[in-house]
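Heads up: the structure comes next, in structure tokens.
Just so we're clear, the structure is a prediction, and the values are computed from it rather than from any experiment.
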Amino acid sequence: MNWNMRISARVPVIGLCALVGISGIAGQALSAAYPDKPITMLVGFRAGGGVDTVGRLIAKHMEQTLGQPVVATAKAGAGGGVLAAALAKAKPDGYTIGIAVTSTWSFNPVFAKKKRYGVDDATLLASIARAQCAIFVAAKSPYKSLQDAFAAAKGGKALSASSPAPPATFLLRHLAGQNGVKLRVVNVKGTPAVIQQILGGHVDLGWSGGHHIPFLRKGEVRVIAATDDRRLNAPSKDVPTLKEMGYKISFCGAYIMAAPKGLPGDVRSKLDAALKAAIGSDPVQTFIERRKLAGNYQGSEALTAEVRAEAAAWAKVKAGLKK
């Protein structure tokens, strides 16, 4: 090969390298300018609920930090599954984020008939707060503990429970199975319906993520188990957790922020900083206190590890239910 041929052969390569270099610099410049347009915050649960309320508070604070509108947009359904599926398909450019709960990525993918996403199909950014998840009974109930209820079932009592969500349903059935008893679970829409069934004497046990607290204050219900892996703020820290009772499962919903998988590093850093500031802001902390939630800020790494562990635990529950 002569020199002319060598030079002509190298020109396309040099040109390609130049183009790659230019596009890389352009990409860095674009992400460095982030955000330069409004951000959409998908909300995985109904308007007016806890997730929606805290999401809008966070969006408002993020606007001040990032200098662009953060528009809360309803994407409710399937326990946050509609939102998670949308995030899995969205561009990882930082202009689409979402708020849902831990079970959206830990429970849903395990029990879904058709898996549309998993925990590794999103960037879990931060957790905000944990709900006060509990099994409760009416104040007039003879059951002072969860074991009292299962002991009665072993003695022939027909035990029943009310559940507002699939994870709670599977949890209650799993607990009954661990004790070798039958439990009739009535599935209802929303925790207010659970409370109505408990107060009306239609079921023995109910599960709630915190809506029972006003009735607890009035002395109308009694909490007999914390279904989180940590003790409750309300009514007190005296109520034992399921794990303290010897069960190898827990269930509670922490409110969490997420984004599509593959965010550029500098975009993620800006979102992390904006979210941390928003979660620590007075309006969000006041919301947490008034709702009797448990403050639970975690960054991406710790949160992702926790959700993966929850998913593994649910997979074991599912395997046990098939036996």
I would like to know whether Ser160 and Asp204 meet side-chain hydrogen bond (donor to acceptor under 3.5 Å, both in side chains); could you show each step before the answer?
CA-CA 5 Å; Ser160 60; Asp204 300 295; 3.3 Å; yes
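- Nearest heavy atom pair, residue Ala294 against residue Asn233, reads CA-ND2, 3.5 Å.
- Note on Met41 and Val267: same hydrophobic cluster, where clusters join Ile, Leu, Val, Met, Phe, Trp and Tyr whose side-chain heavy atoms are under 4.5 Å apart, directly or indirectly.
- Summarising the local packing, NZ of Lys218 is surrounded by more than 12 heavy atoms from other residues, nucleotides or ligands at distances under 6.0 Å.
- Between Cys133 and Phe251, the closest side-chain pair of non-hydrogen atoms is not below 4.5 Å.
- Ring planes of Phe170 and Phe111: tilted class, angle from 30 to 60°.
- Heavy-atom contacts from other residues, nucleotides or ligands closer than 6.0 Å to CD of Glu289 number 12 or fewer.
- Taking CG of Leu263 as the reference point, atom OG1 of Thr123 lies at 4.5 Å (rounded to 0.5 Å).
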Could you walk me through whether Arg308 and Leu124 pass the side chain to side chain contact (heavy atoms under 4.5 Å, CB included) test, one step at a time?
CA-CA 11 Å; Arg308 281 185 180 140; Leu124 303 186; over 6 Å; no
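- Counting heavy atoms from C-beta on, the side chains of Ser163 and Leu172 come closer than 4.5 Å.
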Decide yes or no on salt bridge (charged side-chain N to carboxylate O under 4.0 Å, His left out) for Lys276 and Asp272, but give the supporting numbers first.
CA-CA 6 Å; Lys276 187 172 184 179; Asp272 286 343; over 6 Å; no
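- Side-chain contact between Glu306 and Gln298 is present, with heavy atoms from C-beta onward closer than 4.5 Å.
- In the hydrophobic cluster analysis, where Ile, Leu, Val, Met, Phe, Trp and Tyr join through side-chain heavy atoms closer than 4.5 angstrom, Val307 is grouped apart from Val101.
- When every heavy atom of Ile97 is checked against every heavy atom of Leu87, the shortest pair comes out as C-CD2, 4.0 Å.
- Counting heavy atoms from C-beta outward, Ile58 and Phe287 have side chains that stay 4.5 Å or more apart.
- Nearest approach of Gly295 to Ile288, heavy atoms of both residues: N-CG2, 4.0 Å.
- Other residues, nucleotides and ligands place more than 12 heavy atoms under 6.0 Å from the NZ atom of Lys157.
- The residue from Arg184, Gln196, Gln197 that alone fulfils the side chain to side chain donor-acceptor pair (under 3.5 Å) condition with Ser162 is Gln197.
- Hydrophobic cluster membership is shared by Met257 and Leu293, with clusters built from Ile, Leu, Val, Met, Phe, Trp and Tyr side chains linked at under 4.5 angstrom.
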Please walk me through it: do Leu205 and Val137 pass side chain to side chain contact (heavy atoms under 4.5 Å, CB included)?
CA-CA 5 Å; Leu205 311 174; Val137 299; 3.6 Å; yes
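- Contact annotation: the side chain of Phe136 never approaches that of Leu216 to less than 4.5 Å [non-hydrogen atoms, C-beta and beyond].
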Could you check Lys144 against Arg222 for side chain to side chain contact (heavy atoms under 4.5 Å, CB included), going step by step and ending with a plain yes or no?
CA-CA 8 Å; Lys144 307 296 183 184; Arg222 178 170 61 249; 3.9 Å; yes
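- Nearest approach of Ala278 to Met62, heavy atoms of both residues: CB-CG, 4.2 Å.
- The aromatic rings of Tyr95 and Tyr34 sit perpendicular, their planes meeting at an angle over 60°, well past the 30° parallel limit.
- Follow the hydrophobic side-chain contacts under 4.5 Å out from Val284 and you never reach Ile256; the two are in separate clusters.
- Within the 4.5 Å cutoff, no side-chain heavy atoms of Val203 are placed close to those of Val194.
- For the pair Leu83/Phe45, no side-chain contact is recorded, criterion being any heavy-atom separation below 4.5 Å from C-beta on.
- Ion pairing of Asp266 with Lys270 is absent here, as no side-chain N (NZ or NE/NH1/NH2) approaches a carboxylate O to less than 4.0 Å.
- Val43 and Leu66 fall within the same hydrophobic cluster, where Ile, Leu, Val, Met, Phe, Trp and Tyr residues are linked whenever their side-chain heavy atoms come under 4.5 Å apart, directly or through other members.
- When all heavy atoms are compared, the tightest approach of Ala149 to Leu159 is O-CD2, 3.8 Å.
- Using a 4.5 Å heavy-atom cutoff, the side chains of Arg231 and Thr241 are in contact.
- If you take CG on Leu171 and OG on Ser103, they are separated by 11.5 Å, rounding to the nearest 0.5 Å.
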